[in-house]
Amino acid sequence: MFDALKKLFTSSDSPAEEEMTLAMAAGALLLEVSKADYQQDPEEVEKVRSLLRQHFHVGLDEMEAFMVKAGKACDDSTALYPFTRYINDNCSNVEKYQLVHSLWEVAAEDGVISKYEEHVIRKIADLIYLPHREFIRAKLSVVEQLPEK
């Protein structure tokens, strides 16, 4: 009985730490932003794929399995903490800035950055201790590239 209780209290609601990689943490956060506005646009999902290929060299042949795994990790987790903790433990400020810039790129892919997407990105930036000026710099860098309406 005590073993069962100990297992209950020591287990976490996050993906197993040995399975966590930088690509998995970033992928889960990118997917979280893509569905923050309660509709996951195909353009945003394709942008996530593109960013994973570009920054993490996830191959085309393994992309679908990776996307499913990252989506499941995101869905199974009750918080952003396991992913942001991994980012904090393994990334420099420059890499954190690049992640936030990528999050803005996903949010802007459909041409509109919703308040929900901005909220999730701000929350992630705060959790990874990215200075606010860098959060704004990343946003402005992406917003300046949006076509005018």
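Just so it is clear, the structure is predicted and the values come from calculations on it, not from any experiment.
We find the CG-CE distance between N90 and M20 to be 10.0 Å, quoted to the nearest 0.5 Å. Taken to the nearest 0.5 Å, the CZ atom of F135 stands 10.0 Å off from the CG atom of L103. Considering NE2 of H55 and CG of L30, their distance stands at 8.5 Å, rounded to 0.5 Å. Atom CD of E44 and atom CZ of R49 lie 12.5 Å apart (nearest 0.5 Å).
Judged by distance alone, with hydrogens and angles left aside, the side-chain atoms of E95 form a donor-acceptor pair with the main-chain N or O of S92 at under 3.5 Å. No donor-acceptor distance shorter than 3.5 angstrom exists from the side chain of S50 to the backbone of E46, with no hydrogens or angles considered. At distances below 3.5 Å, not a single donor-acceptor pair connects side-chain atoms of S141 with backbone N or O atoms of R137. Using a distance-only test at 3.5 Å, with no hydrogens or angles considered, a donor-acceptor pair links the side chain of E117 to the main chain of S114.
Partners of N88 according to the side chain to side chain donor-acceptor pair (under 3.5 Å) rule, which considers only residues two or more places apart in sequence or in another chain, are K96. In this structure, the salt bridge (charged side-chain N to carboxylate O under 4.0 Å, His left out) partners of E118, at least two apart in sequence or on a different chain, are R122, K139.
Note: the hydrophobic cluster containing L140 also contains Y97 (ILVMFWY, side chain heavy atoms under 4.5 Å, direct or indirect links).
Nearest heavy atom pair, residue L52 against residue G27, reads CD2-CA, 4.0 Å. Scanning both residues, A125 and V100, for their nearest heavy atoms gives CB-CG2, 4.2 Å. In plain terms, the two heavy atoms of L99 and A26 that are nearest each other are CD1-CB, 4.0 Å. What you find for S102 and L51 is that their closest heavy atoms are O-CD1, 3.7 Å. Looking at every heavy atom in both residues, A79 comes nearest to P82 through O-CD, 3.5 Å.
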Discussion item. Between D37 and D110, does the side chain to side chain contact (heavy atoms under 4.5 Å, CB included) criterion hold? Intermediate values first, please.
Written reply: CA-CA 11 Å; D37 60 357; D110 61 359; 3.9 Å; yes
Discussion item. Using side chain to side chain contact (heavy atoms under 4.5 Å, CB included), reason through I121 and I113 one step at a time and then give a plain yes or no.
Written reply: CA-CA 11 Å; I121 297 169; I113 298 175; 5.6 Å; no
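The side-chain heavy atoms of I87 and L22, taken from C-beta on, include a pair separated by under 4.5 Å. Looking at heavy atoms from C-beta onward, Y86 lies out of side-chain contact with M24 at the 4.5 angstrom threshold. Side-chain contact check for Y81 versus L127: every heavy-atom pair is 4.5 Å or farther apart. Using a 4.5 Å heavy-atom cutoff, the side chains of V120 and E32 are in contact. E109 is not listed as a side-chain neighbour of D41, based on a closest heavy-atom distance of 4.5 Å or more.
Note: Y116 and H119 fail the aromatic proximity criterion, with ring centroids not under 6.0 Å apart.
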